[in-house]
Amino acid sequence: MRRVLFLRHGSHDRLGRILCGRMPGVSLSEAGRAEAHAVAGALARRFAGELAGEPVRLLSSPQPRTRETAAPLAEALGVGAELAEELDEIAFGDWTGKAFSELDGDPAWTAWNAQRGAARPPGGESMAAVQARVAGLLDRLAAEEGPPVILVSHGDPIRAALLGVLGLPLDAYDRIVVAPASCSELELWPGGGRVVSINERLAG
């Protein structure tokens with residue numbers, strides 16, 4: 001069995017206002033940096049106590065806000081942070097960088113939020129494709145013998161992964177809360193897995 005812990009990146013100044021996706025230059029806010037350091041300390045203490053020094057593997061989405069969240073954790077755990085494209089944010093295509101207020105009322109935006117399993121952002125990536133790439137990474141981790149893994153990613157990719165393990169449809173994405181700097185834990189084995197926790201808040 002492989003222990004896998006998802007960590008969503010910390011807060012940034014556009015959070016809740018702008019659909020950032022993969023737009024460049026999105027870095028953690030002061031509050032987000034504080035969250036990242038607090039989570040790093042909490043997880044370092046957890047793994048030190050529970051695993052008695054067993055090494056931990058750390059993978060991060062390539063976005064600046066996830067790498068900035070992973071950096072203090074890598075230092076606290078004494079490991080390097082590997083970049084994993086599978087953990088990247090959804091590619092939102094034409095919606096990238098738009099304000100939520102600007103998207104409100106757009107029929108395609110309404111469909112995206114009502115039928116997440118079938119809709120796709122214009123010029124972007126479906127949530128099913130996101131789920132497939134994250135699930136592929138989880139399958140590879142489950143098939144390997146190895147230490148626990150921490151995956152630093154984004155809200156919707158984490159939701160997609162959790163829904164897949166739970167056997168729930170993607171349209172149920174809004175039934176799961178994945179707050180900034182929250183942790184959600186899985187236990188995986190070849191061909192299966194289970195959710196241990198969702199949206200643990202370790203930073204405050």
Side-chain angles (χ1 to χ4, degrees), residues 6-39 60-71 83-135 151-166 168-184 195 198-204:
F6 276 105
L7 170 62
R8 185 183 174 188
H9 62 78
S11 300
H12 56 83
D13 289 335
R14 298 174 178 87
L15 192 67
R17 299 186 299 108
I18 304 293
L19 187 63
C20 294
R22 300 182 184 181
M23 67 182 288
V26 181
S27 296
L28 296 183
S29 62
E30 183 177 347
R33 289 190 292 272
E35 290 167 346
H37 281 89
V39 169
S60 172
S61 155
Q63 296 305 315
R65 58 194 183 274
T66 43
R67 290 189 283 112
E68 290 171 0
T69 301
L83 295 186
E85 298 288 342
E86 297 93 334
L87 299 174
D88 206 349
E89 176 62 291
I90 296 175
F92 282 108
D94 296 347
W95 291 340
T96 302
K98 288 194 173 184
F100 290 115
S101 58
E102 185 180 358
L103 293 167
D104 190 37
D106 181 338
W109 176 250
T110 301
W112 170 253
N113 289 296
Q115 302 169 356
R116 193 58 70 90
R120 178 190 295 267
E125 180 183 32
S126 72
M127 198 155 173
V130 174
Q131 186 180 60
R133 61 173 159 84
V134 180
L151 307 177
V152 187
S153 188
H154 307 264
D156 277 347
I158 295 172
R159 287 188 188 94
L162 294 172
L163 290 169
V165 175
L166 290 168
L168 295 174
L170 287 171
D171 289 353
Y173 78 99
D174 58 352
R175 300 181 192 177
I176 295 178
V177 175
V178 179
S182 69
C183 298
S184 300
V195 175
I198 296 175
N199 198 46
E200 280 191 89
R201 304 301 302 274
L202 304 179

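Basis for what follows: all heavy atoms, side chains included, without hydrogens, waters or symmetry-related copies. We number each residue from 1, following the sequence as shown.
Using a 4.5 Å heavy-atom threshold, the side chains of Leu162 and Ile198 count as touching. By the 4.5 Å heavy-atom criterion applied to side chains, Tyr173 and Val178 are not counted as neighbours. Residues Gln63 and His9 have side chains not in contact (no heavy-atom distance under 4.5 Å, counting atoms from C-beta outward). Put simply, the side chain of Ile18 does not reach to within 4.5 Å of the side chain of Lys98, judged on heavy atoms. Counting heavy atoms from C-beta outward, Glu89 and Pro157 have side chains that approach closer than 4.5 Å. Side-chain atoms of Trp112 and Leu103, non-hydrogen and from C-beta on, never get closer than 4.5 Å to each other.
To the nearest 0.5 Å, the span separating CD1 on Ile158 from CG on Leu7 amounts to 7.0 Å. Atom SG of Cys183 sits about 11.5 Å away from atom CZ of Phe6, to the nearest 0.5 Å. The distance from the SG atom of Cys20 to the CG atom of Leu15 is 8.0 Å, given to the nearest 0.5 Å. Annotation: the span from Asp104 atom CG to Thr110 atom OG1 amounts to 7.0 Å, rounded to 0.5 Å. Note that the CD1 atom of Ile90 and the CG atom of Asp156 stand 4.0 Å from one another [nearest 0.5 Å]. Atom CD of Gln131 sits about 7.5 Å away from atom CE of Met127, to the nearest 0.5 Å.
When atom types are taken as modelled, the side chain of Asn199 and the backbone of Ala179 share a donor-acceptor pair closer than 3.5 angstrom. At least one donor-acceptor pair closer than 3.5 Å links the side chain of Arg159 to the backbone N or O of Ile176. Judged purely by atom type and a 3.5 angstrom limit, Arg67 uses its side chain to pair as donor or acceptor with the backbone of Pro62. Arg33 places no side-chain N or O within donor-acceptor distance of the main-chain N or O of His37, the cut-off being under 3.5 Å. Side-chain atoms of Arg133 come within 3.5 Å of backbone atoms of Glu86 as a donor-acceptor pair (strictly under, hydrogens ignored).
In terms of heavy atoms, Pro180 sits closest to Ser11 at CB-OG, 3.7 Å. When every heavy atom of Ser61 is checked against every heavy atom of Leu87, the shortest pair comes out as CB-O, 3.3 Å. Considering all non-hydrogen atoms of both residues, His154 and Asp88 come closest at CD2-C, 3.7 Å. Of all non-hydrogen atoms in Gly21 and Phe92, the two that sit nearest each other are CA-CD1, 3.6 Å.
Within a 6.0 Å radius of CZ in Arg175, no more than 12 heavy atoms belonging to other residues, nucleotides or ligands are found.
A salt bridge between Arg8 and Glu35 is absent, with no side-chain N of the basic residue lying under 4.0 Å from a carboxylate O of the acidic one.
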Carefully, step by step, assess Arg14 and Val26 under the rule side-chain contact (heavy atoms from CB on, under 4.5 Å). CA-CA 8 Å; Arg14 298 174 178 87; Val26 181; 4.0 Å; yes
Take Glu102 and Arg17 through the salt bridge (charged side-chain N to carboxylate O under 4.0 Å, His left out) test and state the conclusion after the steps. CA-CA 10 Å; Glu102 185 180 358; Arg17 299 186 299 108; over 6 Å; no
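Judged by distance alone, the side chains of Ser27 and Glu68 do bring a donor and an acceptor atom under 3.5 Å apart. No side-chain donor from either of Gln115 and Asp171 sits under 3.5 Å from a side-chain acceptor of the other.
Taking the six-membered ring for Trp and thresholds of 30 and 60 degrees, Phe100 and Trp109 have ring planes inclined between 30 and 60 degrees apart.
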